[in-house]
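Written out below as structure tokens is the structure these notes cover.
Proteins get letters first, then strands, A, B, ... in listed order; numbering begins at 1 in each.
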There are 2 protein chains.
Amino acid sequence: MNDAVHKTSAEVDPASGGRIRQRNAALILSAAEKVFAASGFNGASMAEIAAAAGLPKANLHYYFGTKEALYRAVLTNIIELWLGETHGITPEADPAEALGAYVRAKMRWSRERPDASRVIANELIHGAAFLTPYLEDDLRRLVDEKSAVIEQWIEAGRIAKLDPRHLFFSLWAMTQTYADFDLQIRAVLGGGPLSDAEYEHATEQVVAFVLRGCGLTPRG
Amino acid sequence: MNDAVHKTSAEVDPASGGRIRQRNAALILSAAEKVFAASGFNGASMAEIAAAAGLPKANLHYYFGTKEALYRAVLTNIIELWLGETHGITPEADPAEALGAYVRAKMRWSRERPDASRVIANELIHGAAFLTPYLEDDLRRLVDEKSAVIEQWIEAGRIAKLDPRHLFFSLWAMTQTYADFDLQIRAVLGGGPLSDAEYEHATEQVVAFVLRGCGLTPRG
DNA sequence: GTCTATATCGAGATAGAC
DNA sequence: GTCTATCTCGATATAGAC
């Protein structure tokens with residue numbers, strides 16, 4: 001009768017269900033994000049993810065079905081965070097304050113979720129098969145909106161004349177490079193992981209550069 | 001007797017040897033760059049590279065031995081191009097001219113060799129196992145040198161006060177994003193590949209942003 | 001020097017015991 | 001619901017014919 005209501009365990013949303021299920025699904029997702037970030041989709045093995053999660057390999061298939069489904073789940077978890085943090089960019093806002101806050105938020109995200117950033121970067125480099133819908137719908141719409149705001153700032157003479165879309169490309173690139181290409185940065189700065197103070201310094205450098213680049217600070 | 005002089009074919013430098021060898025090696029390297037860029041090291045298969053090169057699979061192993069050796073050969077071909085183009089940055093040069101030329105050169109490289117850029121990006125994201133020596137030696141030395149030049153510009157009041165190393169991180173990120181994350185850019189701009197005119201526009205936007213960010217242009 | 005046919009190995013997926 | 005043992009397939013690499 002109500003067969004349509006029944007699903008096999010593998011098809012159930014891993015986020016719902018009992019406490020054990022939720023805990024294990026979270027463990028797996030966290031481990032998967034790390035391993036996919038480090039090795040890419042193809043390079044990552046289910047065995048490696050299972051080991052990182054401290055669970056037997058078969059559990060991953062039990063919870064998520066296939067490797068691809070697990071990967072999609074990881075991406076879904078990341079995307080909203082990746083798109084967010086533009087709410088401060090409004091026509092009424094002070095441009096320097098709004099853009100500064102945006103850059104700081106992106107730098108914080110690179111610091112706190114480098115693996116998430118790397119998963120996205122990897123996906124973009126390799127064709128974004130799973131990401132394209134978000135790019136062409138959500139991201140494009142978001143950038144259209146925020147670009148309109150910046151156009152208003154330009155017309156009001158509150159910011160330098162520039163193409164807002166390319167400004168966003170630069171902002172994303174400058175901030176995400178601290179997550180994605182961390183290794184390059186560490187090699188050049190000649191050491192291990194950046195300390196909090198060093199990262200704070202990096203953030204201030206990027207903010208200052210961006211604000212000057214937008215004509216928002218007195219020349220030094 | 002002189003066995004030491006003899007090498008198996010697979011061990012011979014593929015760049016040397018007869019005309020056919022050189023032509024085939026070049027075909028393979030070019031195809032490999034494209035496939036590695038699109039799929040990453042693990043995602044790329046020797047069969048796919050062979051098909052792209054129009055040669056039988058066994059030839060790749062005949063010329064380069066292993067998949068890893070082929071990958072190293074691709075990287076080696078790219079690295080010097082990747083490091084180059086900083087020669088304009090000298091104490092005597094005009095900062096705006098030198099930095100503008102550097103940004104334009106990096107933008108040109110993203111336009112003309114996007115696959116090369118993506119191979120490097122992929123390598124950096126995933127641990128840079130093969131690249132680390134270059135990062136810690138050549139790149140670090142290069143950045144040290146050029147940072148000293150920029151420090152001199154700062155002391156002479158010819159450019160805004162900023163941390164030169166973080167400036168380089170930003171310059172690399174802003175320019176390489178047009179190769180590495182091309183898909184994102186196309187989705188936001190709402191179309192297919194950028195035309196020459198669109199790419200020229202992008203280049204001018206980045207150059208203007210960088211020069212303003214360095215305090216090198218009158219405020220707009 | 002070149003390519004077909006094959007050996008070998010590792011990874012995703014699953015059956016079935018518990 | 002959970003995990004061990006196994007199946008199956010695809011990819012690298014190579015042996016050996018031409």
Side-chain angles (χ1 to χ4, degrees), chain A residues 6-29 31-36 38-75 126 129-130, chain B residues 6-29 31-32 34-36 38-74 126 129-130:
Chain A
H6 287 78
K7 297 178 176 185
T8 73
S9 296
E11 288 164 3
V12 167
D13 178 1
S16 69
R19 239 165 299 153
I20 298 174
R21 171 176 282 279
Q22 286 197 15
R23 200 187 63 98
N24 282 351
L27 272 177
I28 293 168
L29 282 169
E33 179 178 299
K34 189 182 308 184
V35 176
F36 281 132
S39 311
F41 178 76
N42 289 289
S45 79
M46 294 297 269
E48 202 182 347
I49 296 171
L55 291 169
K57 190 171 57 136
N59 276 28
L60 275 56
H61 284 105
Y62 176 69
Y63 281 115
F64 291 93
T66 66
K67 182 184 180 181
E68 184 181 312
L70 173 56
Y71 183 67
R72 299 183 86 108
V74 169
L75 276 180
H126 297 133
F130 304 105
Chain B
H6 286 78
K7 297 180 176 182
T8 73
S9 297
E11 288 165 3
V12 167
D13 178 0
S16 68
R19 239 163 301 155
I20 298 174
R21 171 177 282 279
Q22 285 197 15
R23 200 185 64 97
N24 283 352
L27 273 176
I28 294 168
L29 282 170
K34 189 182 309 183
V35 175
F36 281 132
S39 311
F41 178 76
N42 289 289
S45 79
M46 294 296 269
E48 201 182 347
I49 296 171
L55 290 170
K57 190 172 56 138
N59 276 27
L60 310 202
H61 285 104
Y62 176 67
Y63 282 115
F64 291 94
T66 67
K67 183 183 180 181
E68 184 180 311
L70 173 56
Y71 183 67
R72 298 184 86 108
V74 168
H126 297 134
F130 303 106

Check His126(B) against Phe36(A) and note the closest heavy-atom contact, atom names and distance.
NE2-O, 4.4 Å
Axis deviation across the helix from dG1(C)-dC18(D) to dC18(C)-dG1(D), five-pair ends, to the nearest 10°
10°
Under 4.0 Å from OP1 or OP2 of dT14(C): is there any side-chain N or O of His61(A) that close?
no
Given dA13(C), dC3(D), dT2(C), which nucleotide is nearest the side-chain atoms of Lys57(A)?
dA13(C)
Considering residues, nucleotides and ligands other than Lys67(B), do more than 12 of their heavy atoms fall under 6.0 Å from its NZ?
yes
Considering only heavy side-chain atoms of Met46(A), the closest of dT2(C), dC3(C), dG12(C) is dG12(C)
Categorize Ile20(A) for me: base, sugar-phosphate, or nothing, with a 4.0 angstrom heavy-atom threshold over every strand shown.
sugar-phosphate
The side-chain contact (heavy atoms from CB on, under 4.5 Å) partner of Leu29(A) among Ile49(A), Leu70(A), Asn24(A) is Leu70(A)
Considering all heavy atoms of both residues, which atom of Phe64(B) and which atom of Ala69(B) are nearest to each other, and what is their separation?
O-CB, 3.1 Å
Heavy atoms under 4.0 Å, any strand shown: does Ala50(B) hit a base, just sugar-phosphate, or nothing?
nothing
Counting only side-chain heavy atoms from C-beta out, which of dA13(C), dA13(D), dC3(D) sits nearest to Lys67(A)?
dA13(C)
With respect to the side chain of Ala58(A), which nucleotide from dA13(C), dT4(D), dT12(D) is positioned closest?
dT4(D)
As a test of reading the structure: which of dA11(C), dG1(D), dC3(C) is closest to the side chain of Asn59(B), going by heavy atoms?
dC3(C)
Would you say Ser39(A) and Glu48(A) make side-chain contact, with heavy atoms under 4.5 Å?
yes
